[in-house]
Number of protein chains: 2
Amino acid sequence: MMLDPETQAIPRDCGDCPIRHRAVCARCEADELELLDQIKYYRNFEAGQTVVWAGDKMDFVGSVVSGIATLTQTMEDGRTQMVGLMLPSDFVGRPGRQTAAYDVVATSDMVMCCFRKQPFEDMMSRTPHIAQRLLEMTLDELDAAREWMLVLGRKTAREKIASLLSIIARRDAALNIAGRQGPMVFVLPLTREAMADYLGLTLETVSRQISALKRDGVIVLEGKRHVTVPDFNRLLDEAGDDSDGGMLA
Amino acid sequence: MMLDPETQAIPRDCGDCPIRHRAVCARCEADELELLDQIKYYRNFEAGQTVVWAGDKMDFVGSVVSGIATLTQTMEDGRTQMVGLMLPSDFVGRPGRQTAAYDVVATSDMVMCCFRKQPFEDMMSRTPHIAQRLLEMTLDELDAAREWMLVLGRKTAREKIASLLSIIARRDAALNIAGRQGPMVFVLPLTREAMADYLGLTLETVSRQISALKRDGVIVLEGKRHVTVPDFNRLLDEAGDDSDGGMLA
DNA sequence: TAATGGTTTTGATCTGAATCAAGGCTGTGT
DNA sequence: ACACAGCCTTGATTCAGATCAAAACCATTA
C-alpha cells in the first residue's frame, strides 16, 4: 500500500520548476514569484483519480506540473465528451467562479501547483503580469477549442485519429526540444476509451482506425501505447490539415 | 444603389451605446471611456459581406454593436465548420496577433466598433479594466466553445437543432429583458446552410429535423425564419440538456 | 501456474445522417 | 405577369460509424 498520494508532494523552488516559463507565472519577476511562492502548495494525484466533479465547489486553481488531466462533460444519459486535455503548464480552474464546470480527472499520475482561489484572485488584481499571461493562455485555449470543433464537426474517423496523434506528437516534440529529423516516437497517454471521448467516437471505431493507420504504414505500434511516426507530413496529410510543414513552432 | 456602407457609420457617444455594459469597455470609468472614444471608429457591413479572410492581415479589433457575424474554418476540400457566432457586445480579433485565424463574415447587416490594434494594445497594457474584462469575456467564450464541443461530438441531429434553437431563444430573451412567461418568439438569424455549418450537419438534415420538431409541436414556424417556442422546457428536453429550469440567468 | 479483470481487437449487423436528385416557395428585376 | 436566383423541403438510396457480440491480450494477484 502507498501513502496517501496527497501527502507526498515535494515542495519545490519556483526557480527550478519545469513549467516556469510556460505556466501562468511565466511572466512574473523575481519579486512576484516570491509572493506566489508563499501561497502555492503542491498536490499529487494518482492515475484515475478525480480532481473535482463538475458542479462541486472548487476553492483552488492551479497549474499542471507533470502528468495529464482531462476535462469532461457528461449528459444525464451517460454520453461523455472530453473538452480539454490538460498538459504540463496548462491552467486548471477559473478565477471568479465558485464551482467546477467540468469533471477534472487525472489520466496519469499528476502533480499540480495549486493556489487557493481567493489569495490568487487578490494577487491577480495586483499583478498585471499574471492576468496578462492568463489572458494569453486562455486565448490559446480558445483557439485550440475551436480547432477541435472543426475536428468534431467535420472530420472523418480516420482524420480524427490522425489529428489527435499529430497533436500529441507535436507536443511531445515541443517538450523534448530535440530538433530531430528522424521518426517521431511517443507514448499514447490515453486509453482507447479516452480517445473516443475526445474524438466523439466509440472505442471500437478508435481501435479500428488505429489498426487501419498501422496497416497503411502511417504509424508503427509497439505494444498498444508506444507509437512511432515514420513521416510526420504523411500523418498531417491523413489529418486533413495543411500538409506544408507547419513545423513545430 | 446604396452608398458604400462603410461610409454610413454614424459616430455615437459611448454614453448611449447599446453594448456599453456588456462589451470589452464594460468596466471602464468615464476617463478610460474618454480615451477609448478617441481611438474608436465605426464600420458598417452588409449582410453577406466578409469582414476578413482567415490568414489575412487584421490590423484592428472591435466589438459587434448590432447584427451578427460568424467565425468559420475551412478545410482545403471545402468542408467548413462555424466556430463562433458573434452577437452584439462580442469581441472580434485577438490582441497580439497579426493575422485573422478565421473567416469573419457578417450574416446580417452589422455595425462594429473598431480600434486599431496597436493603440488598443497600448491602452490595454495601461488600463487593467480593459484587460480584466477581456479575460472574463474570453473565459466565457471558452466555456461556450466547450459546450459546443459536446453538441458536436455527442448529440444527435435532432438534439443539435434543439440546442441551437434554445441558445438563440435564450439570448433573445436576455436582450428583450422582458421577464415574460408566455411562449418565446424569435427570428432565426441563420440560413439552413449556416445552421448546418454550425452544427456539423448537412443542410438537408437541418431542414428535415426542423420539420420534425415542427411536426411534433416543439416549435411553431411562420414562414421559414419566424419561430415560436410554446414550451421552453420541452425544447431544452429535446436538446438533451438538464431540463430543470436553467432559467435565463 | 492459473484465475481474474481491465483493455483492446475484430467480426457481423444495424442505423442515422450523408448523398444524390427533384421540386417548391419567395422575392426581385424585367 | 413572367423568368430567374436563392433558399428550402422532401424523397430514395447509400455508407460511415454505432451497436451488439465474442475473443484475444496483458498485468496482477491467488
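Just so it is clear: chains get the letters A, B, ... in the order the sequence lines come, proteins before strands, and each one is counted from 1.
Close approach of DNA chain C to chain B, defined as any atom under 4.0 Å from a non-hydrogen atom of the protein, starts and stops at dA17(C) to dC20(C).
Looking at residues 211-224 of chain B, you'll see that no heavy atom sits under 4.0 Å from any atom of DNA chain C. Less than 4.0 Å separates DNA chain D from no heavy atom of any residue of residues 66-75 of chain B. Non-hydrogen atoms lying under 4.0 Å from DNA chain C are contributed by G200(B), L201(B), T202(B), all within residues 192-202 of chain B.
Listed by chain and residue number, nothing satisfies the side chain to side chain donor-acceptor pair (under 3.5 Å) test with T138(B) (two or more places apart in sequence, or in another chain). Annotation: salt bridge (charged side-chain N to carboxylate O under 4.0 Å, His left out) contacts of D231(B) (sequence neighbours excluded): none. Annotation: salt bridge (charged side-chain N to carboxylate O under 4.0 Å, His left out) contacts of D59(A) (sequence neighbours excluded): none. Looking at residues two or more places apart in sequence or on another chain, you find a side chain to side chain donor-acceptor pair (under 3.5 Å) between T80(B) and D197(B). Contacts of R158(A) classified as salt bridge (charged side-chain N to carboxylate O under 4.0 Å, His left out), with partners at least two apart in sequence or in another chain: D216(A), E238(A).
Atom CG in L188(B) sits about 15 Å away from atom P in dC7(D), given to the nearest Å. H226(B) has its NE2 atom 16 Å from the P atom of dC8(D), to the nearest Å. Rounding to whole angstrom units, CZ of residue R225(B) and P of dG6(D) are separated by 15 Å.
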Donor-acceptor pairs under 3.5 angstrom involving side-chain atoms of residues 200-209 of chain B: please list them, not counting sequence neighbours.
residue, atom, partner, partner atom, Å
T202(B), OG1, T205(B), N, 3.3
T202(B), OG1, T205(B), OG1, 3.1

Atom pairs and distances, donor-acceptor, side-chain atoms in residues 61-72 of chain A, under 3.5 Å, two or more places apart:
none

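When heavy atoms are screened at a 4.0 angstrom cut-off, T191(B) is found touching the sugar-phosphate backbone but no base atom.
Judged by distance alone, the side chain of D109(B) and the main-chain N or O of A47(B) form a donor-acceptor pair under 3.5 Å. Side chain of R154(A) to main chain of R79(B): no donor-acceptor pair is present (N/O by atom type, distance under 3.5 Å, no hydrogens or angles).
Axis deviation across the helix from dT1(C)-dA30(D) to dT30(C)-dA1(D) amounts to 20°, comparing end segments of five pairs, rounded to 10 degrees.
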